[in-house]
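Reviewing the structure listed below.
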Amino acid sequence: MAKTVPLRAIAHGRTGDKGNRSNISVIALDARDYDLIVAQVTEARVAELFAHRRPSAVRRYLLPKLAAMNFVLDDVLDGGVNGSLNLDTHGKALAFLLLELPITIPGENR
Amino acid sequence: MTTMLNRKANAPLHVGCAAGFSGDRVDAAGPVVATLARHEGPSCLVFETLAERTLALAQLARRQDPARGYEPLLELMVGPILRGCLAHGIRIVSNFGQANPDGAAMSLRAMARSQGLRMPRIAVIRGDDLSGPGYHAILRRELGAAVDRVSVVAANAYLGAEPIAAALDAGADIVVAGRVADPSLVVGPVMAHYGIAADDWPRLGRATMAGHLLECGSQVTGGYFADPGIKDVPDLDRVGFPIAEIGPDGACVVTKADATGGLVTERTVKEQLLYEVHEPAAYLTPDVTADISDAEVRSMGGDRVALVGVRGHPRPERLKVTVCFEGGWLAEGEISYAGAGAESRARLAADVLRRRLEGLDLRVDLIGAISIFADDAGRLLGAQNAGDARDVRLRVAAAHADRAEADRLVREVTALYCCGPAGGGGVRTAVRQRLDTMSCFVPRTEIDARFEMLD
């Protein structure tokens, strides 16, 4: 039976910021889950998750040797550390929004 | 210098980092210096203390008092370890000079004098400060008339490792910089120690990523990493700061100070490796275009992780320049509601403020229900149905060029005590001046990056 878990159950990550651009790493906790993460944590799904922040672009870079990927989200920080009215002007917490993404684990995998 | 030459000639260079930002723990350096001293090989200690706006804050401090404008915690950071560094030939490289490297140098000398130490040779890095009238034409050419419409507080180029390396070659015990690219604080010592040329892109690429792993201090040794139950960190309260063992090819093994908390694992290194990286094949610094698209991390056990597979490509022809200017006023106010109906009372209070503060673009947070994931325009908040959170702190914020408008927000939040919904308590308000930035790229030939050895 397939089951659904938050991405946080199989991956970790950290947010960085430069100006109005955020980057969020997604790193497999177990490298054997990397293909599953690549298949399901797509640019389109991440853009949808961050839609309220109106990204002008969402790009995903794959780093298979690290079992990781790097998302770069343009214009999602309401102006970033200088302009945002958010308490978290850097968007430091955003990795944990991405880690809420639901992931379907196929039954035979576990 | 002589102490370094007397040591094991072939030992790898060890570089420790004892601060990842201005405001980092001031007791971080002690265990790092103790560990470097036991290494008995060539070693160096860096402090990174300069986030994007720190320099503008330092410029403001210098306007108030010409003797200030360098890292405010300098004495607390360096005072306890200066003796050990001088005794063991551990050279110090830092951007803690901020807006006033000469002021920092004077403070360091005063520390040495008061502790009865030999006078350190101090080199100051010059050329990053573009706030003088001589550079206005360049900034205007790159930024256009926008630069004339703002009140500039600071303008600085991100310098690279070359002047740092030259200063160390000339025998500096301490190199005091203002704005340099963070990884260059580490690349400079590596260039100097191994005699790496300024166009040796593969080695500069590797050294740059070693610097990148170190530049945020404990963010590679278990700081900013713990997520209980998933990623546990031992003794986070005394997390150790990192040390990189950097070989002649620039490749590094990351470890941490002895007898400290924290951990160095493939996971901690991966998180920091990708921190603030955009395109992995093109991590741009003044020194090199580093490329981690094929990089790997390998645990060697015992809090030691190797970074391999980093490449390097030619450096950018232009240097990044950040211009900091006065950005108006930020007003914030908060009030708490608790118990049954707390969220609906907080939402009503927000509604009252929106009506009372017409004309201000108000951001609303319901801390405890929905806050920092949301957007300034309130789209996420608006899309979410009211919940029944029982402990909610309402926060409102707005920015305005006019101080009087900022003050109006603060007054209205305070007035919720008597005029708002039932049971609101704990009002806190603040009005502060904002700094904004714009950036451009200036041909490096127009920037006079150099060091000066102080007598």
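It should be emphasised that the depicted structure is a prediction, and the values quoted were computed from it without experimental measurement. Here is the naming used below: chain letters follow the sequence lines, and residue numbers restart at 1 for every chain.
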Contact origin within A:Asn86 toward chain B - heavy atom pairs under 4.5 Å: both

Side chains of A:Arg14 and B:Gln272: does their closest heavy-atom pair fall under 4.5 Å? yes

Just give me the residue among A:Ala9, A:Gly13, A:Gly79 that pairs up with chain B most often, heavy atom to heavy atom, under 4.5 Å. A:Gly13

Is the closest side-chain heavy-atom distance between B:Glu52 and A:Val81 below 4.5 Å? yes

Quick one: what part of A:Arg8 sits under 4.5 Å from any heavy atom of chain B, side chain, backbone, both or neither? both

Does any part of the side chain of B:Phe225, heavy atoms only, come nearer than 4.5 Å to the side chain of A:His12, both counted from C-beta? yes

Step-by-step side-chain contact (heavy atoms from CB on, under 4.5 Å) determination, A:Ile27 to B:Glu271: CA-CA 8 Å; A:Ile27 305 161; B:Glu271 279 197 21; 3.8 Å; yes

Is it the backbone or the side chain of B:Ala295 that comes under 4.5 Å from a heavy atom of chain A, or both, or neither? backbone

Please flag which part of A:Phe71 lies under 4.5 Å from any non-hydrogen atom of chain B: side chain, backbone, both or neither. neither

Locate the shortest heavy-atom distance separating B:Asp294 from A:Lys65; write the atom from each residue and the value. OD1-NZ, 3.0 Å

Residues A:Ala67 and B:Lys270: closest non-hydrogen pair is CB-NZ, 4.3 Å

Chain B shares the most heavy-atom pairs under 4.5 Å, among A:Gly83, A:Ser25, A:Gly91, A:Ala68, with A:Gly83

Assert top hit (heavy-atom pairs under 4.5 Å, partner chain A, pool B:Val297, B:Leu380, B:Asp436, B:Asp361) equals B:Leu380

Do A:Leu85 and B:Leu330 touch side chain to side chain, with heavy atoms closer than 4.5 Å? yes

Below 4.5 Å, heavy atoms only, C-beta onward: do B:Leu274 and A:Ile24 meet side chain to side chain? no

Per-residue tally against chain A (heavy atom, under 4.5 Å) across B:Val277, B:Asp365, B:Val396 peaks at B:Val277

With a 4.5 Å cut-off on side-chain heavy atoms, are B:Glu279 and A:Val72 touching? no

Counting only heavy atoms not in A:Arg45, do more than 12 fall under 6.0 Å of its CZ? yes

Region of A:Leu29 that comes under 4.5 Å of a non-hydrogen atom in chain B: both

Engaged part of B:Ala374 at the chain A interface, taking heavy atoms whose separation is under 4.5 Å: backbone

Check whether any side-chain heavy atom of A:Asn82 lies under 4.5 Å from a side-chain heavy atom of B:Arg53, and answer yes or no. yes

Name all pairs fulfilling the salt bridge (charged side-chain N to carboxylate O under 4.0 Å, His left out) condition that reach into residues 370-382 of chain B, sequence neighbours left out, sorted by first residue then second. B:Arg363-B:Asp376, B:Asp375-B:Arg379

Which pair of non-hydrogen atoms, one from A:Leu97 and one from B:Phe373, has the smallest distance, and what is that distance? N-CZ, 3.3 Å

Does B:His278 form a side-chain contact (heavy atoms from CB on, under 4.5 Å) with A:Tyr61? I'd like the steps, not just the answer. CA-CA 9 Å; B:His278 298 146; A:Tyr61 297 96; 5.6 Å; no

Specify which of A:Thr15, A:Leu63, A:Asp88 makes the most heavy-atom pairs with chain B at under 4.5 Å. A:Leu63

Under 4.5 Å from any heavy atom of chain B - which part of A:Ser22: neither

Give the intermediate values and the outcome of side-chain contact (heavy atoms from CB on, under 4.5 Å) for residues A:Phe96 and B:Asp227. CA-CA 11 Å; A:Phe96 282 85; B:Asp227 190 2; 3.4 Å; yes

Considering non-hydrogen atoms only, spot the tightest contact between B:Ile372 and A:Ala93 and give its length. CD1-CB, 3.5 Å

Can you confirm whether more than 12 heavy atoms, excluding those of B:Gln433, are under 6.0 Å from its CD atom? yes

Side chain / backbone / both / neither for A:Leu66 at chain B, heavy atoms under 4.5 Å: both

